[in-house]
Amino acid sequence: MAEAMVGKMPGVQVSQSTGAPGSSLQIKVRGTGTITAGTSPLYVVDGVPLAKEQLNTFNMNDVESIEVLKDASSSAIYGSRGSNGVVLITTKKGTTGKPSVMVSANVTMSKLAREIPMLNAEEYIAFNNAFKEDGDTPMTMEGRTPVNWQKESTRLAVSQNYRASVSGKSQKTGYYLAVGYADQEGVIRKTNVNKYDIRFNLDQEIGNRITLRSNSFFSTIKTSMTSGTDKLANTRTSIVRHMISYKPYRSAVAEENESDLYDENLTTPDAWFTDYDDDSEENVFNTNLSLDIKALKWLTFRVKGGMVYKNKERAMWYGLLTHTGAEANGKAGVAGLTSRSYNTEALALFNHTFKKKHTMNGTVGVVYDNKDVKRTGVVGENFFSPELRADGISNAAKLYPYQLEKTGEQLFSVLARGVYNYDNRYVLTATFRADGSSKFDKSNRFSYFPSFALAWRINQEKWMRQFDKISNLKLRAGWGQVGNQAISPYQTLGGYVGGNNYATAEGMLEPGIIPERIPNPDLKWETSEQYNVGIDLGFFDQRLTITADAYLKTTKDLLQQIALPYASGYTTMWINNGKIENKGIELTIEGTPVAKKHWNWTIGG
């Protein structure tokens, strides 16, 4: 997806969070519009919202088109979820009469671009000897073998991607079926991602008035890494840190400090490949079903339902060769995550032309989203045998309390959008959406987001016909508001945490709980207001196109988590405070120098 978007969409920043295989994308639309309430845009696949974390399960070979909605008017129909922009992804469907079979295979190779200059073994020993006092025994290379840990820890990574699909369309049935396998190796040894996936899209017309559409996708991903990012992980687990900082030699015998001469947290990189595990398996099932009923020539009713189920298990192991494992005589952690998201929509769509020059179209309806998440975790230390690694966590002599967390959130929305088009020259768009989020107190639960846009297609004017080289000339202006509620559930309520004992009058210890956070019932929606003006130019039957936009986006009532004084007894608290302003100019120029029947060449940026 990154390759499909980088450099092709002005105002869109695309990057990867890390260089690890399978790492998630970081996409920002028109800058950072919030501080701590989530900066990722909304991803909508075939009309169903998709969480950013689930993009890794998606296969780009199934994508028909990608569109990014940036201004407030176009994204306002998605309400609170569209505050950071909207990425619309449409997957492939059957479009040909006869079945079409596609098979693709590709192999890519990657390696470390360059090594970081570090001291070799001789230089390292000379550096150490320079600080020894008179009478101390100097270090020598005796019993030590020089090692370049950057070479030892990296490799030529070979990645493979295979995919097969079959699609077709009869008079009333269209289908697309695809299966794939991908194996992505990381440049760091022992890092890789294996993925299997299958997709099935079906369009079925029932009679002349009913259309049934179904899109289903399943993937399973197995991941192996060399560093962790949960409660068990810290800077000690960074293999990059160890391979550039650890002493550049192997010792024939154990030294006084086998970890490192200057940093006890450093251990030999060998340990992270032989005595450390970070393995996970993730299964995702995504399906949606929509039913269109054409009640009148100009009126269609649509009912849609979607579900995303995700289950992920992760196991980590620190053996005795690692500093963390040595301190605890072996340390293991097992965590699980299960989430279920449901999306339902009931819409009425209309499109009516009257007196030939007047066209009205739009959408009204309601949307309900529900998400339930369960997180579990357990940590064990002090193992009598390391043979079972994380699988033997039940044999740990010390088990920390089992962690269980369940959260739920709901979003109810009422929306309306209307577009008036006069003679294909003047276009007026108005949108209104009311969102109610369970994350806020009843007094602030609902917020309202309007937007307006105007467009003038100048090339459709009679007096423009003499300029036959200009195929498109359109002026645009828009204004709108959208909201953001991307915080964890229950922040307006006071939370409690267990595992704390208290003494009774009789001197006995009884289990108890303590307050975890200060409730803030005044917490409310973060609101973004945006102004946008633009121009679209096309020449020579759209062989050359130019698009320019200028925008001003202001976000107020920022959702922030502030630090509290220790005397309060709490550490942080969510509040509304602050404002962010983004403004800029975007320019896209695209040309098609060659346009033949079977191939074309398009350049732009």
Side-chain angles (χ1 to χ4, degrees), residues 43-50 58-67 69 74 77-78 86-103 163-180 197-219 285-309 341-354 356 359-369 413 415-419 421 424:
Y43 300 93
V44 180
V45 180
D46 295 325
V48 177
L50 191 71
F58 204 73
N59 195 302
M60 278 302 298
N61 290 312
D62 295 334
V63 173
E64 183 71 30
S65 65
I66 299 177
E67 181 183 1
L69 306 181
S74 61
I77 194 69
Y78 295 97
V86 181
V87 179
L88 299 179
I89 302 173
T90 303
T91 60
K92 294 178 180 178
K93 297 175 175 59
T95 56
T96 60
K98 296 181 179 180
S100 174
V101 178
M102 297 280 292
V103 177
R163 193 146 193 89
S165 66
V166 57
S167 62
K169 187 176 183 180
S170 63
Q171 185 176 0
K172 292 191 174 184
T173 304
Y175 60 91
Y176 176 82
L177 174 65
V179 294
D197 69 273
I198 181 171
R199 171 175 290 278
F200 181 63
N201 295 345
L202 176 68
D203 291 353
Q204 178 67 54
E205 294 181 18
I206 304 173
N208 297 323
R209 293 181 176 272
I210 300 177
T211 302
L212 182 69
R213 295 184 177 90
S214 172
N215 300 281
S216 299
F217 174 78
F218 174 79
S219 72
F285 177 63
N286 185 340
T287 184
N288 66 81
L289 183 69
S290 69
L291 181 68
D292 287 6
I293 302 175
K294 194 169 185 178
L296 300 171
K297 184 178 180 180
W298 54 272
L299 178 63
T300 300
F301 294 105
R302 175 176 296 166
V303 179
K304 178 185 287 187
M307 181 195 74
V308 179
Y309 172 82
S341 301
Y342 304 95
N343 170 267
T344 55
E345 298 179 4
L347 306 174
L349 301 90
F350 62 90
N351 189 342
H352 185 53
T353 300
F354 53 97
K356 296 183 180 180
T359 300
M360 288 282 295
N361 67 76
T363 304
V364 294
V366 295
V367 180
Y368 176 73
D369 297 306
S413 308
L415 59 92
R417 164 170 282 186
V419 180
N421 187 323
N424 203 26

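Keep in mind that what you see is a predicted model, and the values were worked out from it rather than measured.
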Atom pair CD1/CD1 of Ile89 and Ile66 - distance to nearest 0.5 Å: 5.5 Å
For Asp292, the option from Lys304, Arg209, Arg302 that meets salt bridge (charged side-chain N to carboxylate O under 4.0 Å, His left out): Arg302
Gap between atom OG1 of Thr287 and atom CZ of Arg199 - 0.5 Å precision: 10.0 Å
Between Thr91 and Asn201: side-chain donor-acceptor atoms closer than 3.5 Å: yes
Side-chain heavy-atom pair Asp203, Thr211 within 4.5 angstrom cut-off: no
Heavy atoms from other residues, nucleotides or ligands near NZ of Lys169 exceed 12 (cutoff 6.0 Å): no
Thr173 side chain near Leu202 side chain, heavy-atom distance below 4.5 Å: yes
Gly94 to Ser167 - nearest heavy-atom pair and separation: CA-CB, 4.1 Å
Separation between OG of Ser290 and CD of Glu345, rounded to the nearest 0.5 Å: 9.0 Å
Asp197 and Arg163: CA distance, side-chain angles, deciding distance, side chain to side chain contact (heavy atoms under 4.5 Å, CB included) verdict: CA-CA 9 Å; Asp197 69 273; Arg163 193 146 193 89; 2.8 Å; yes
From CZ (Phe200) to OH (Tyr176), nearest 0.5 Å: 12.0 Å
Gap separating the OG atom of Ser219 from the CD1 atom of Ile198, nearest 0.5 angstrom: 11.5 Å
Interatomic spacing from OG in Ser214 to CG in Asn288 - rounded to 0.5 Å: 6.5 Å
Pair Thr90-Asp46, side chain to side chain contact (heavy atoms under 4.5 Å, CB included): steps then yes or no: CA-CA 5 Å; Thr90 303; Asp46 295 325; 4.1 Å; yes
CG/Asn424: more than 12 non-hydrogen atoms of other groups inside 6.0 Å: yes
Atom CE of Met360 with >12 non-hydrogen neighbours under 6.0 angstrom: yes
Minimum heavy-atom distance between Leu299 and Ala348, given as atom pair plus value: CD1-CB, 4.5 Å
Heavy-atom side-chain contact between Leu415 and Val367 under 4.5 Å: yes
